[in-house]
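Just so we're on the same page: letters track the sequence lines, and every chain starts at 1. Here the structure is a predicted model, which means the values were calculated and not measured.
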There are 2 protein chains.
Amino acid sequence: MQVSLQINARWIITVDADDSVLHHHSLIIDDDKIIDLLPQNEASKYSPLNLVELNDHAIVPGFVNAHTHAAMSLLKGLADDLPLDEWLNEHIWPAETELADEQFVKDGTELAIAEMIRSGTTCFNDMYFFIDQTALAVSRAGIRANIGIPVIDFPTRWAKTLDEYISKGLAVRDQFNHHRLISFSFSPHAPYTVSDESFKTLQPIMDELGLSMHIHVHETQREVDDAIEKHGKKPLTRLSNLDLLSPDLITVHMTALDEDDIEKLAANSVHVVHCPESNLKLASGFCTVPRLLEAGVNVALGTDGSASNNDIDMLGEMRTAALLAKGVTKNAAALSAHDVLRMATINGAKALGLDEQIGSVTIGKQADVFAINLNHIETQPVYDVISTLVYSASRSQISDVWVAGKQLLNNHELTTMDESALLEKAKQWYGKIAPFHHPANKRGVK
Amino acid sequence: MQVSLQINARWIITVDADDSVLHHHSLIIDDDKIIDLLPQNEASKYSPLNLVELNDHAIVPGFVNAHTHAAMSLLKGLADDLPLDEWLNEHIWPAETELADEQFVKDGTELAIAEMIRSGTTCFNDMYFFIDQTALAVSRAGIRANIGIPVIDFPTRWAKTLDEYISKGLAVRDQFNHHRLISFSFSPHAPYTVSDESFKTLQPIMDELGLSMHIHVHETQREVDDAIEKHGKKPLTRLSNLDLLSPDLITVHMTALDEDDIEKLAANSVHVVHCPESNLKLASGFCTVPRLLEAGVNVALGTDGSASNNDIDMLGEMRTAALLAKGVTKNAAALSAHDVLRMATINGAKALGLDEQIGSVTIGKQADVFAINLNHIETQPVYDVISTLVYSASRSQISDVWVAGKQLLNNHELTTMDESALLEKAKQWYGKIAPFHHPANKRGVK
């Protein structure tokens with residue numbers, strides 16, 4: 001039987017229901033789909049147009065980065081190590097207000113997509129402005145994305161009023177609605193920047209179009225305290241009263257949760273996205289991931305934007321998530337390598353409603369996978385390949401990436417993007433963005 | 001003037017007293033020493049035998065990994081994600097008891113040294129057994145090390161009695177005492193495995209030979225509680241009563257400290273080594289680094305052994321230290337990128353008493369430096385090169401490493417070690433070590 005691609009791999013980490021790891025197996029791909037998984041010595045019944053031998057490599061389901069602001073890639077490292085308010089109010093927001101236009105979103109998103117492809121991310125859940133540029137960049141690169149239609153109760157360069165946010169967003173959705181790699185959500189920024197009235201306006205549109213909602217919630221205890229002072233209730237309670245808690249709600253950060261909140265999330269099948277490095281860098285608090293998983297909540301993993309991380313490396317993010325959970329719960333057995341790999345793949349797919357299509361190496365699913373070479377000093381010996389992947393491997397060992405059967409990274413080379421041109425553009429943006437950098441960091445620079 | 005080496009670099013991160021970063025400068029090296037630092041356009045007065053152009057790179061002082069058990073590199077990933085007691089008692093210690101012989105230390109240490117060189121570490125502070133093998137491996141590879149003479153109140157494959165620990169250790173010291181890259185400390189394992197009598201035996205030898213002491217202390221609150229129950233006092237108080245608190249004491253972990261402890265450390269110029277990833281992975285607790293620095297304590301950075309990390313990557317360790325401190329102190333301005341770079345370089349050198357020779361790019365010091373290429377998608381634009389190094393860069397971007405003027409990594413290739421042979425040996429050890437792996441992790445493996 002003729003097929004488009006056969007990959008022979010040392011390990012195939014399936015992330016199926018049993019966490020199966022297949023040794024010396026072949027992954028058979030035809031067009032955009034995985035059509036078989038079988039021992040290499042039984043694979044001769046297939047005649048692949050392309051045969052890839054990866055005998056030092058593990059094949060892994062492509063990462064689903066469940067929370068990004070891709071365009072902010074251009075701001076990574078801008079005014080780090082400052083108190084949160086000063087960083088936001090004096091650096092990040094002024095830079096965005098002045099500079100975050102169509103070109104910024106195009107160039108920043110492309111820089112981010114290149115970084116994501118190079119580190120095994122095959123799908124990202126984005127929240128930013130000028131989403132027409134995001135969709136175009138995704139489409140050109142051939143990566144998969146769920147794009148948030150932004151909503152916020154103040155004017156930005158993208159839109160001035162709620163009506164404009166909605167109409168411009170839906171126009172982009174209409175344009176890309178049949179793109180096989182692109183889906184859309186509504187992305188109201190946060191409960192503290194979006195009014196009850198705005199939420200109520202979105203609801204019937206969400207219902208009619210079958211859109212989910214992707215929102216920052218309970219990022220800090222201060223957000224919760226301020227909301228209680230202002231509204232007399234927690235943000236999550238407000239969303240609950242608005243009847244928004246459902247499997248269509250993707251809540252990001254969630255560092256300040258009590259048992260009552262956790263029960264509500266579990267009872268309503270709300271998804272949580274954990275962003276450990278951003279939460280650490282901005283001193284936002286700790287999301288109680290092991291408790292959420294125990295309660296049956298689906299927890300996915302995200303990097304957040306590059307400005308608060310400062311990378312969009314899901315391999316590193318898994319590692320931080322696993323290590324941090326042990327430290328915070330004082331339990332060395334908390335949140336295993338296997339747990340965080342599920343968060344970074346199938347749980348992200350579930351949050352986006354895409355778990356029938358992606359998130360594991362399963363026959364019938366889309367061929368969104370990457371290969372990582374473990375024959376390195378840093379990753380030998382291998383006792384448990386998932387443990388090696390999470391705790392020892394680096395993203396630079398990722399050699400090949402496929403999305404819907406199309407190879408986007410071929411032996412470390414991007415196939416759909418021009419790396420030199422991206423680097424050149426990043427350097428051009430430096431000149432415009434650097435004036436927003438913090439002078440204190442220049443201490444001692446000659 | 002003829003010199004051995006001129007490196008032209010885009011940035012030179014000096015880690016001098018002012019945290020100076022030099023742009024488009026030349027680093028002039030003759031034999032083993034840095035002899036000049038000057039603008040590239042003024043460097044024509046030197047005639048280098050070797051001119052290296054690194055115009056996309058930052059030159060950084062080589063990392064000083066202030067706490068390692070290098071040989072344990074062979075155990076990385078063995079039985080991860082288990083409760084601490086089970087991991088130690090049922091996996092790590094049985095594997096060590098059965099297998100940790102001369103050959104294990106030789107092969108494990110070489111694997112670790114290769115990983116260290118590839119990630120910019122030019123000096124490490126080790127604690128393990130069969131230190132003759134450690135010294136030989138260090139000498140062959142050309143890296144710098146401070147080697148701990150192990151002392152523990154029970155028999156191991158290396159030695160049976162206190163006298164034997166001391167005599168075998170001092171014999172190795174005598175053999176390598178004049179090696180320009182090797183120094184020695186005493187490394188009693190921990191206060192709970194070494195008696196007052198043993199400490200008292202070591203003291204006059206330390207004084208006579210000018211040796212420092214490198215020891216695990218206050219790794220967990222439980223260690224402190226157990227000591228109070230057993231001895232009626234905290235381990236640190238015991239060391240204080242033994243008159244061991246001094247600039248010659250290097251204390252590792254220190255997660256359980258009160259203000260009284262911190263005052264004692266500061267008053268006696270005791271060094272602390274922070275190992276954040278090991279502390280997280282083993283759920284040991286949090287070392288209050290910002291408070292220690294504020295109190296004037298010298299805090300260095302270490303990875304600990306590979307089994308509890310699972311890498312020996314100082315770039316990643318800096319990042320974890322900076323992020324974790326912000327999360328734990330709830331202050332996004334805590335422990336900056338600049339702070340953790342000092343911990344990973346000059347502070348480590350200070351702890352080892354080597355700060356006159358290494359730890360910064362300073363005229364007159366040893367030429368222990370590495371080069372990292374920042375012209376990557378992941379590290380552009382660059383607003384603050386130290387921030388980019390700590391928060392965005394990966395070890396795989398490190399291209400070249402010099403120790404005492406000798407190049408140990410040349411465009412990503414090890415010059416003194418055979419990478420293929422190391423990989424082959426690691427795979428051979430897999431067969432012997434795998435029986436000590438945890439069967440639960442094999443769940444689902446086909």
Side-chain angles (χ1 to χ4, degrees), chain A residues 18-23 74 76-78 80-84 87 111 114-115 118 277 279-283 286 310-311 323-324 326-327 329-333 336-337 375 377-378 380-384 387-388 391-392 394-396 419 422-423 426-427 429-430 433-434 437 441 443-446, chain B residues 18-23 74 76-78 80-84 87 111 114-115 118 277 279-283 286 310-311 323-324 326-327 329-333 336-337 375 377-378 380-384 387-388 391-392 394-396 419 422-423 426-427 429-430 433-434 437 441 443-446:
Chain A
D18 299 323
D19 270 355
S20 308
V21 173
L22 309 174
H23 294 253
L74 288 167
K76 59 179 175 264
L78 187 71
D80 284 331
D81 298 320
L82 293 177
L84 183 58
W87 174 75
L111 189 65
E115 182 176 350
R118 281 161 56 92
E277 295 188 3
N279 294 162
L280 286 169
K281 182 152 185 275
L282 305 181
F286 302 115
N310 301 344
D311 64 35
L323 293 178
L324 183 62
K326 297 176 206 316
T329 62
K330 301 185 174 38
N331 173 11
S336 70
N375 193 31
I377 294 290
E378 291 74 14
Q380 287 291 336
V382 177
Y383 301 106
D384 173 333
S387 195
T388 301
Y391 293 122
S392 299
S394 302
R395 57 178 168 179
S396 61
E419 194 176 323
L422 293 172
L423 283 169
K427 287 174 194 169
W429 275 103
Y430 170 83
I433 298 169
H437 188 56
N441 280 344
R443 169 175 57 104
V445 174
K446 284 171 191 167
Chain B
D18 300 322
D19 271 354
S20 307
V21 173
L22 309 174
H23 294 253
L74 288 168
K76 58 180 175 263
L78 188 71
D80 284 332
D81 298 321
L82 293 177
L84 183 58
W87 175 74
L111 189 66
E115 183 175 349
R118 281 161 57 92
E277 295 187 3
N279 294 162
L280 286 169
K281 183 150 184 278
L282 305 181
F286 302 116
N310 301 347
D311 63 34
L323 292 179
L324 183 63
K326 297 174 206 316
T329 62
K330 300 183 171 44
N331 173 11
S336 71
N375 193 30
I377 295 290
E378 291 74 14
Q380 287 291 336
V382 177
Y383 301 106
D384 174 333
S387 194
T388 301
Y391 293 122
S392 299
S394 304
R395 57 177 167 179
S396 61
E419 194 176 322
L422 292 172
L423 283 169
K427 287 175 194 168
W429 276 103
Y430 170 83
I433 298 169
H437 188 56
N441 280 344
R443 170 175 56 106
V445 172
K446 285 172 190 166

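- Put simply, CG on A:Asn331 and CG on B:Leu282 are 11.5 Å apart, with the number rounded to the nearest 0.5 Å.
- In this structure, the side chain of A:Lys76 does not engage the main chain of B:Pro381 through any donor-acceptor pair within 3.5 Å.
- Summarising the geometry, atom OG belonging to A:Ser394 is positioned 9.5 Å from atom CZ belonging to B:Arg118; distances are rounded to the nearest 0.5 Å.
- Taking every heavy atom of both residues into account, B:Ala283 and A:Ala332 meet most closely at CB-N, 3.6 Å.
- Separation of atoms NZ (A:Lys330) and CG (B:Leu84) is listed at 14.5 Å; rounding is to 0.5 Å.
- Interatomic distance, A:Gln380 CD to B:Lys427 NZ, rounded to the nearest 0.5 Å: 5.0 Å.
- Within the 4.5 Å cutoff, the side chain of B:Lys326 has no heavy atoms near those of the A:Leu280 side chain.
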* To do: Report the C-alpha distance between B:Glu378 and A:Asp311 in whole Å, list the side-chain angles of each, state the deciding distance to 0.1 Å, and finish with yes or no for side chain to side chain contact (heavy atoms under 4.5 Å, CB included).
  => CA-CA 7 Å; B:Glu378 291 74 14; A:Asp311 64 35; over 6 Å; no

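- Contacts with chain B were tallied for A:Val382, A:Leu324, A:Thr388, A:Thr329; A:Val382 has the most, counting heavy-atom pairs under 4.5 Å.
- Pairing each heavy atom of A:Ile377 with each of B:Ala114, the nearest pair is CG2-CB, 3.9 Å.
- What you find for B:Asp80 and A:Tyr391 is that their closest heavy atoms are OD2-CD1, 3.4 Å.
- Between the side chain of A:Asp81 and the main chain of B:Ala337, a donor-acceptor pair closer than 3.5 Å is present.
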